[in-house]
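Inspection log for the structure reproduced underneath, given as structure tokens.
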Amino acid sequence: MSAAVATTGTTPTWALTERVVGATAIALAASVAIQNAVVIWAGAPAYGDPIKEVLAFHAENRSAVAVAVGLEALNLPLLLGFVAGLHGLVGRRGGAGADWSRLAVAAGAVLSAVFALYAVLWDGAVLSADGLAEPSPAFELAWQLHAAAFALALPALGTTFIGAAVAAHASGLTPRWQRLLAVAGGGMLVAAGAANLAIADGSAFLFVGMPGYAAWLVWLLATGVRLVRARTADRPDSASA
């Protein structure tokens with residue numbers, strides 16, 4: 001009787017939990033992709049572009065920035081929900097990779113805080129651009145701090161990426177290639193973030209981390225799809241029952 005209860009009761013809980021975590025990963029990847037598409041479509045300037053071009057963009061594209069910042073407010077709970085849910089899955093599968101998942105949770109919390117600062121400073125850049133004919137010192141400072149916040153988010157993202165991917169692989173949730181993708185992509189993000197001051201000053205070193213940023217989205221999508229499509233027959237609790 002106890003085996004039957006375990007099979008009929010616990011296994012669906014496993015399946016539901018994995019699917020929820022997988023759906024959260026897919027939603028996060030989609031939200032970040034849409035956010036970047038909006039910014040690219042609007043013709044957002046790079047951090048190294050002349051400050052007059054940056055001012056013109058923010059004066060003319062307030063709505064695009066509002067959408068991007070609004071999506072950031074959605075990204076934060078999705079990110080935290082994903083890393084917390086993944087930590088729970090790792091624990092339920094025997095705890096292999098638990099230390100790595102704890103690292104992902106901690107780094108994800110730091111990443112959320114830095115991205116919140118990044119969004120607030122972008123709001124500040126847009127608001128300070130209102131009515132300006134020439135860039136003011138306040139506008140330029142807000143833009144540089146916005147760039148610095150994004151640069152500081154890169155190593156936090158890289159640490160989250162590596163921790164989550166290694167934990168997921170150690171628990172048997174993802175294949176080996178996803179772990180390798182995370183180590184390579186996360187390493188690029190950490191390396192780019194080390195040049196925080198240079199990026200805030202407009203350095204193109206920022207683009208060292210962009211392949212890692214793209215790899216994060218690929219990993220999120222692949223992991224999310226794998227968790228959503230996972231079969232209940234593959235659950236360890238079903239086999240023990």
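Source: prediction; values computed, not measured.
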Would a hydrophobic clustering, with Ile, Leu, Val, Met, Phe, Trp and Tyr connected at side-chain separations under 4.5 Å, put [X] with [Y]?
| X | Y | answer |
| --- | --- | --- |
| Leu121 | Leu132 | no |
| Val208 | Phe161 | no |
| Leu154 | Phe207 | yes |
| Val83 | Leu76 | yes |
| Val67 | Ile34 | yes |

Inset, instruction - Could you work out the complete set of other residues in the hydrophobic cluster of Val183, with links drawn between I, L, V, M, F, W and Y side chains under 4.5 Å apart? - result: none
Legend entry - Members sharing Leu152's hydrophobic cluster (side chains within less than 4.5 Å): Val110, Val114
Legend entry - Member of Val54, Val39, Leu55 meeting the side chain to side chain contact (heavy atoms under 4.5 Å, CB included) criterion with Pro45: Val54
Legend entry - Criterion side chain to side chain contact (heavy atoms under 4.5 Å, CB included) against Phe82, the qualifying member of Ile26, Val21, Thr160: Val21
Inset, instruction - Classify the angle between the aromatic ring planes of Tyr118 and Phe150 as parallel (below 30°), tilted (30 to 60°) or perpendicular (above 60°). - result: tilted
I'd like to know if the side chain of [X] reaches the main chain of [Y], judged simply by a donor and an acceptor atom lying under 3.5 Å from each other, with no hydrogens or angles considered.
| X | Y | value |
| --- | --- | --- |
| Arg179 | His169 | no |
| Thr223 | Leu220 | no |
| Asp49 | Ala46 | yes |

Nearest 0.5 Å, what's the [atom1]-[atom2] distance between [X] and [Y]?
| X | Y | atom1 | atom2 | value |
| --- | --- | --- | --- | --- |
| Thr24 | Leu80 | OG1 | CG | 11.5 Å |
| Glu140 | Leu145 | CD | CG | 11.0 Å |
| Asn196 | Asp201 | CG | CG | 11.5 Å |
| Leu189 | Leu157 | CG | CG | 5.0 Å |
| Gln178 | Leu173 | CD | CG | 10.0 Å |
| Trp177 | Leu180 | CH2 | CG | 10.0 Å |

Is there a side-chain contact between [X] and [Y] in this structure, where contact means two heavy atoms from C-beta onward sitting under 4.5 Å apart?
| X | Y | value |
| --- | --- | --- |
| Leu221 | Leu217 | no |
| Met188 | Tyr213 | no |
| Val32 | Leu78 | no |

I need the minimum non-hydrogen distance between [X] and [Y], along with the two atoms involved.
| X | Y | answer |
| --- | --- | --- |
| Ser112 | Leu79 | OG-CD2, 3.6 Å |
| Ala164 | Ala104 | N-CB, 3.5 Å |
| Ala182 | Ile162 | O-CG1, 3.5 Å |
| Leu86 | Ala168 | CD1-CB, 4.2 Å |
| Gly185 | Ala215 | CA-CB, 4.3 Å |
| Tyr47 | Ala147 | CD2-CB, 3.4 Å |

Legend entry - Salt-bridge present (Arg92, Glu18; N to O < 4.0 Å): no
Legend entry - side-chain hydrogen bond (donor to acceptor under 3.5 Å, both in side chains) contacts touching residues 54-78 (sequence neighbours left out): Ser31-Asn75, Gln35-Glu72, Gln35-Asn75, His58-Trp122
